[in-house]
Every structure is written in structure tokens, then in C-alpha cells.
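Step one of this worksheet: look at the structure below.
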There are 4 protein chains.
Amino acid sequence: MAAVSRRARSEREILSAAARTLADRPTAGMGEIASAAGIARGTLYRYFPTRESLLQALEAAADEEARQRLEEANLDQVPVDEGLARATRALVAVGEHFIVLLRERRPPEPGFTAVLAALLLRGQSGGQVRADVPVDVLVESLLVLVGVCVRAGRGAGTGSEDISSIALRLFLDGARRPPSDPALEGEVGD
Amino acid sequence: MAAVSRRARSEREILSAAARTLADRPTAGMGEIASAAGIARGTLYRYFPTRESLLQALEAAADEEARQRLEEANLDQVPVDEGLARATRALVAVGEHFIVLLRERRPPEPGFTAVLAALLLRGQSGGQVRADVPVDVLVESLLVLVGVCVRAGRGAGTGSEDISSIALRLFLDGARRPPSDPALEGEVGD
Amino acid sequence: MAAVSRRARSEREILSAAARTLADRPTAGMGEIASAAGIARGTLYRYFPTRESLLQALEAAADEEARQRLEEANLDQVPVDEGLARATRALVAVGEHFIVLLRERRPPEPGFTAVLAALLLRGQSGGQVRADVPVDVLVESLLVLVGVCVRAGRGAGTGSEDISSIALRLFLDGARRPPSDPALEGEVGD
Amino acid sequence: MAAVSRRARSEREILSAAARTLADRPTAGMGEIASAAGIARGTLYRYFPTRESLLQALEAAADEEARQRLEEANLDQVPVDEGLARATRALVAVGEHFIVLLRERRPPEPGFTAVLAALLLRGQSGGQVRADVPVDVLVESLLVLVGVCVRAGRGAGTGSEDISSIALRLFLDGARRPPSDPALEGEVGD
DNA sequence: TATGAATGAGGCTTCATTCAT
DNA sequence: GATGAATGAAGCCTCATTCAT
């Protein structure tokens, strides 16, 4: 058991180092990742016999983290609006851990997009979400908007709550100024 | 004149082939690009002495096309809503030509984002665009949403007008169902 | 210690193979050198990340060997004549190892020319060496004469002692027949 | 005839430009040489269909110039000492034109070395030149000493006469101080 | 098991040479 | 005849991967 947990710990640390390294330089090689993890190249290959397997593990880790957070969020037991707010916060949290995945990787990670799709579909059925846009486009849109906001927030030092809030507003309400929202009246003047 | 135009034509054809090739396989090498353009590797290097220079030329071409389309759109002489519609159509048109640039490339090409930023700033001042989100985040959001819609539309065979329409709606109004738009009442049921 | 010495041994063997290969074909590529050393191209690059670095290492090795031999010769503790004889023998020995450096390489390797210059300068001061020729020209002359004699000797299978003897005589006394040397009287006839 | 002479003039100019260019950068490519000659790459290939043919022409030109100068010197009709002086002056003159040939080129250009060999052989027979060194080694020695002196002189701005004088003294009398030459007594002190 | 050397396939680039205008 | 574009072979170098210690 000790070996397993040590191994698991190492694997996490390696993946964490890989995520950090690749976030900065997406073209970083195995040697650079190994250095960042404080191990030798050969050791990295003992854990991940292939670069592709490392990337997949990274993706799986993000997927798993997202899946877990979204599951804990009980999206299907709250109203759609609240569900989207929770989902956005979860995605931002994951995105901050795995910025590298916000670019580059093509397939939309079917592992956790399903639950997002289900939520949005419920929203469409219930009339809270527009139905003139395919659900998968909505899912992708939410993901890229989260990506944009996380990246922008990272540069500006914005907190996770604010990032989530902006991402959610952009996704749900768009860039148009809400005409009747008194909470915003003062910000721009009228 | 003949020589110049031939060279210019060849360059365009090469860039076009490069855009097509890289859109399919972002890691395509110079040899593959040369083959796609119907020339030899050495000839490709006559035009672009470096892979980096080819990518920059590609980016510059997209930038130029976008700049030109946006300029022709007279964004600053029409209402903000109409301006955003025109801008979105322009970006979709460019995006369809240079899908490769919708991923991978980091800097948001300051060449043509300025005019978008100006338009959105005018919208914020005039009250049509929300002011609680930084302008550059809005610009990035529009770009990635266009990217999502172009990629999705490409897979589904959707026409440019429909793609532009969806992208604009997502950007401006978000995913929330417009509560009072009778045009959409019938689509999902109520 | 084992690791260090193994590495050092490999490096020496590679340099030795490189010297041999380049002596035959000065334009030999890295692959050819690697083959001659019995290793793969990539391995050669592990030791010398650049062709230039390999050439520099080669030059440095010759420089070091020359410096060491000249140092052991205690040139500054013997009469100038004896010093020049020792220096010539040392240069011939080095030259036989690094024939490749007797051509091609431009800068006269300041590492070990200094001691030669010092010796010749002492000779000029002491009246044994002509003072109407700059010291650095004398140094260069000795080096190229050694090169000529080593190359010629190599083709003719002459031994190092004879090569050194000829080089020294050419350098010190020139091509003119020593008018009063009875030891040579008989060789050409009179 | 006009065409022929124009061609001949061009060829000379090209070779001259090639000699100059290669003297500075021995690895210069055909394009660089063509540029230096003020013509296009293709044109250079009209004159010299191969890089090797250009180098051979260059060598042949130097050989021819040397042969002609040495022939005009009537080496076989003057005393050996005077002959060597004339030969050295001729070689220095040629060397200043074709510095590039003072390095790199391996075979000692049999075209004009024959006359040098003949002269030295006559010297050996007559007792003016030492006989304990093979003639071809003497020839090579003279050539490399001329090379050293030309290069050194070029850097120091020395005139051709002085360069020739130093080269001849080094070749004939070597580096040893002539014990009984009163002309040098004052230079070093005694 | 961790290490670091060895490997070799593949990429980028140069350059001598040929070809069409 | 002169030009400049086109060619492709060959060089240098990187990096994912394997092997021996």
C-alpha cells in the first residue's frame, strides 16, 4: 500500500509539474518536464512510457477533477441557473489547474461534457436556455469563455470568484448591456 | 508586372495551401506543406526562408484580410449593433479561410483587434454593451466564439450566414433564452 | 570515478576518431565522424552539441597536448638551441596526432604559441636568433615547416626523429648549404 | 574576336572577384561569388558550370601567372641565389593575388613547382643548397614560408619587397642569427 | 527502481546545379 | 546570352524512446 500511495503521489506531482511546464511552454519536451518534476528523463518514462500517454494522463486528470467537482455540485438537483453558476465555478477551478488544456487539445473531453450537455438540455427544455443553438456548441462556448476569462484573470490577478462571475455573465447574458438591470446602472452612467 | 504578379500569385497559393494543410494537421512539416502546394521543399524555402516566417506570413495574411474586411465594413459609421453584426460576418469569413489561426497562435493579432476594441468601447459608452467586462476580454470572447461556431459549422456544413448569426447571438445575448422574443417561441415549445 | 573516466575515455576516443577522419577528408560530416568513432550520430551530438564545438574541442586537445609537452620540455631552462630542438620534437609529435589542424584552422592557437614566442625572444636577445624578423612570423614559420615535414614524412614513412631533425634544420639554418659543415660534404659531392 | 575578348575579360573579372571573396571567406558559396562579381548565379554557371571547375580555373590562373612570372625571371640563366630571390619575389606577387590558394588547396600545383624544383636541384648540385632535404620538401617549404610572410605582411601593411626579402632570408638562412653579418650587428646588440 | 547514456527517425535549412523565360 | 526560379541531395540538430548499470 505504501508503494502504491507513494507512486500515486509521485504521479500527481509529475502531472502537476507537467501541467505547469506545458502551460508556460506548450512545446516543452520530455526532458524539460522531467527537470521541472525533479526527476530524470528515464524516470519520467517509467511513469509514462510515452509522451502521448503523459498528455492523456494529464487530460484524464483534468477530466477526473472536473467530473468530480461537477458531480459534487449536484447539477441535476438545482435550478438550471444555479447549476450553470456551479458548473462555471467548477470549470474555472479546473481551468486554473490545467491551463494547458484550455488550448491545443482538440476533442472536447467527452468525460465531463456530458453532464454539461445534460444541464443545458434541461435548460432548453425548461425554457431557460436558448434552443436555437445546438447543445454542443453551447458546451464548447462555455468552455472557451471560461478559458478566455481564466487566462485574462491570470494576467490581471483576478480572483476565482470574479473570473467565474464574468465568465457566467458572458456565457448566459452575452456582451449586450442588460437594459433593465439596476445593479449596473451606475457603472457606466446613463 | 508579370513577374511581380506571378510571384504574388505563387505566394498566395502557397499560403493558401499552407493554411489548408495546417488546418488539418497543425504539426505538418515543411515538406508536407510544400507537397500540398505542388512545389519542392527547396522552393518553399525560397519563398519563406524559415518555418517561422511562413507562419508569420500566414498570420499577416489573415490579419490583412481581416483588417481589410473590417475596414470596408465602416464599423464606425453605423450603429453598434449593426457594426457588431458586420464584424462578426467579417471574422467568420476570415476564420473560414484561416481556421488554423483559430487555435495555436497566442498573441491576438493587434493589427485588427484595435478596431474591434474601438467598436466595443463605443458600445460601452453608448450603453449598448456591458461595461462590467474589460474590452479586451470582450474582444477575445468574440474571437473564440467565432472560432467555435466556424469549427462547428464546418463539421455540420452550415452556411456562413447562419454561422455568423449564431456567433453574434451567442456573443451579444448569451445562452439565456430571450424571454420576450416571440420569434423563438415555437422552436422549443413552451 | 568510473563514470568520469568512462566519459573522459569516450571523449578522447571520439576526438581521436574525429582527428583521423578529418585528417583524411577535411569535409567529413558529423555522420561520418560518428561512424568512425563507432557511435550513432545522436550520440556524437550528446558529446559535442555542435560541429563547431567538436572542432574547438579538437583544437583544444591539440593545444593542451602541445602545451603539456612544451611545458615538460622545460624550454626556459636549457640553451636556446636545445630548446628549439625540444620544441620541434614536441610539435612534430603533436602534429602527427592532429594533422588535421596543420591546415584549415586560422588562429594560431595562442595557448601554446606563447611559450614558443618566449623562447624565440630569448634567442633574439641572446643573439642566437635573428632579430630582423618579427617573433610571431618566426613562430608561424616553425609551425608551417613542422606541418610540411610531418606531411611529407607521413607520405614517405619517415620516423619522427628524422622529421624533427629536418624541420629543425630548415627552420634554423634554412635551405642554404652550410658551407663549412664537413659532415655534409660527402652527401652531394663537391 | 570582340566576343572572345569580352568573354575573356569577364572571365578574368569573375576569377578576380572569386579570389577576393574566397580569400576573405573560404566557405563562400556560388551565390556570394556571383554577387561579388556583379552577375547572377545563373550567369556564373554559364562561365563555370561547376564549383569545382571554378576552383580549378582559379588555380589554373594562379598557376599560369606564376608560371609566366617564373618564366620571365629566367631562373635557369642566373646564379642560384639570384634565381631564388627572383622566384620568391614572383611567388609573393602571385600570393598577394591569390591568397586563397595559400591555404586549403592540397596538391602543390605541379604546373609551376617543376621550375622551382629544377632551380633547387641545380642548387643542390652546385653546392649552394643543402642536399640532405628532399627537393619537394624544399619546394613546399618555400611556398608555405611565402604564405606565412604574405599573410603576416598583409596584416601589417608591409610592402612586397620587404615581404619577399623576409621570406627569402627565412627560407635560405633560417631563423638562426647570421653570426658574421655585420649588417645586423647593431639591431640586437652584442 | 532510478539513472543517464545511446539511439535513430524526422525536422529545418543550405547550396550546388538545372531549367524556362 | 543573362536571368532568377526550381530542384533535391546533404548537412546539422532535436527529441521521443530504449538500454545497461
Side-chain angles (χ1 to χ4, degrees), chain A residues 3 6-7 10 14 27-35 37-55, chain B residues 2-4 6-7 9-11 14 27-35 37-55, chain C residues 2-4 6-7 9-11 14 27-35 37-55, chain D residues 3 6-7 10 14 27-35 37-55:
Chain A
R6 176 156 359 119
R7 164 85 185 227
S10 294
I14 293 173
T27 68
M30 293 295 270
E32 200 169 344
I33 293 173
S35 293
I39 59 177
R41 237 200 193 91
T43 309
L44 177 55
Y45 274 97
R46 183 154 294 283
Y47 285 87
F48 303 101
T50 278
R51 180 188 176 83
E52 187 56 29
S53 72
L54 169 62
L55 295 180
Chain B
V4 171
R6 167 132 26 98
R7 165 81 187 230
R9 180 145 38 89
S10 294
E11 209 168 287
I14 293 173
T27 67
M30 293 294 270
E32 199 169 345
I33 294 173
S35 293
I39 58 176
R41 206 129 109 238
T43 309
L44 178 55
Y45 276 98
R46 172 162 287 286
Y47 285 86
F48 303 102
T50 277
R51 180 189 177 84
E52 186 56 28
S53 74
L54 169 62
L55 295 180
Chain C
V4 171
R6 167 132 26 100
R7 164 80 188 230
R9 178 146 38 89
S10 294
E11 210 168 287
I14 292 174
T27 68
M30 294 293 270
E32 200 168 345
I33 294 172
S35 292
I39 59 176
R41 202 122 112 247
T43 308
L44 178 56
Y45 276 101
R46 170 162 289 285
Y47 284 86
F48 303 102
T50 279
R51 180 189 179 84
E52 186 56 29
S53 74
L54 169 62
L55 295 180
Chain D
R6 174 153 4 117
R7 164 83 184 227
S10 294
I14 292 173
T27 67
M30 294 293 270
E32 201 169 344
I33 294 172
S35 292
I39 59 176
R41 235 197 191 98
T43 309
L44 177 56
Y45 274 97
R46 184 153 293 283
Y47 285 86
F48 303 101
T50 277
R51 180 188 177 83
E52 187 55 30
S53 73
L54 169 62
L55 295 180

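Note that this is a predicted model, so its numbers are computed, not measured. A note on names: the letters A, B, ... follow the listed sequences, proteins ahead of strands, and every chain is numbered from 1.
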Nearest-Å distance for atom pair CG/P, residues B:Leu54 and E:dG11: 15 Å
Worked verdict on A:Phe48 versus A:Leu55 for side-chain contact (heavy atoms from CB on, under 4.5 Å): CA-CA 9 Å; A:Phe48 303 101; A:Leu55 295 180; over 6 Å; no
Contact nearer the 5' end of DNA chain E, comparing C:Leu44 with A:Ile39: A:Ile39
Interatomic distance, A:Thr50 atom OG1 to A:Met30 atom CE [nearest 0.5 angstrom]: 7.5 Å
Atom pair CD1 (A:Ile33) and CZ (A:Arg51), whose distance is rounded to the nearest 0.5 Å: 5.5 Å
Pair pattern of DNA chain E in dot-bracket, where unpaired bases get dots and | marks partners in another strand, Watson-Crick or G-U under 3.5 angstrom: .||||||||||||||||||||
B/S/- contact track for nucleotides 12-18 of chain F, protein heavy atom under 4.0 Å: BBB-BBB
Gap separating the CG atom of C:Leu54 from the CD atom of C:Glu52, nearest 0.5 angstrom: 9.0 Å
Gap separating the OG atom of B:Ser10 from the CD1 atom of B:Ile39, nearest 0.5 angstrom: 8.0 Å
Residue mapping more 5' on DNA chain F - nearest nucleotide basis, C:Glu32 or B:Thr43: B:Thr43
Expected output: side-chain D:Ser35 to main-chain D:Gly31 donor-acceptor under 3.5 Å: yes
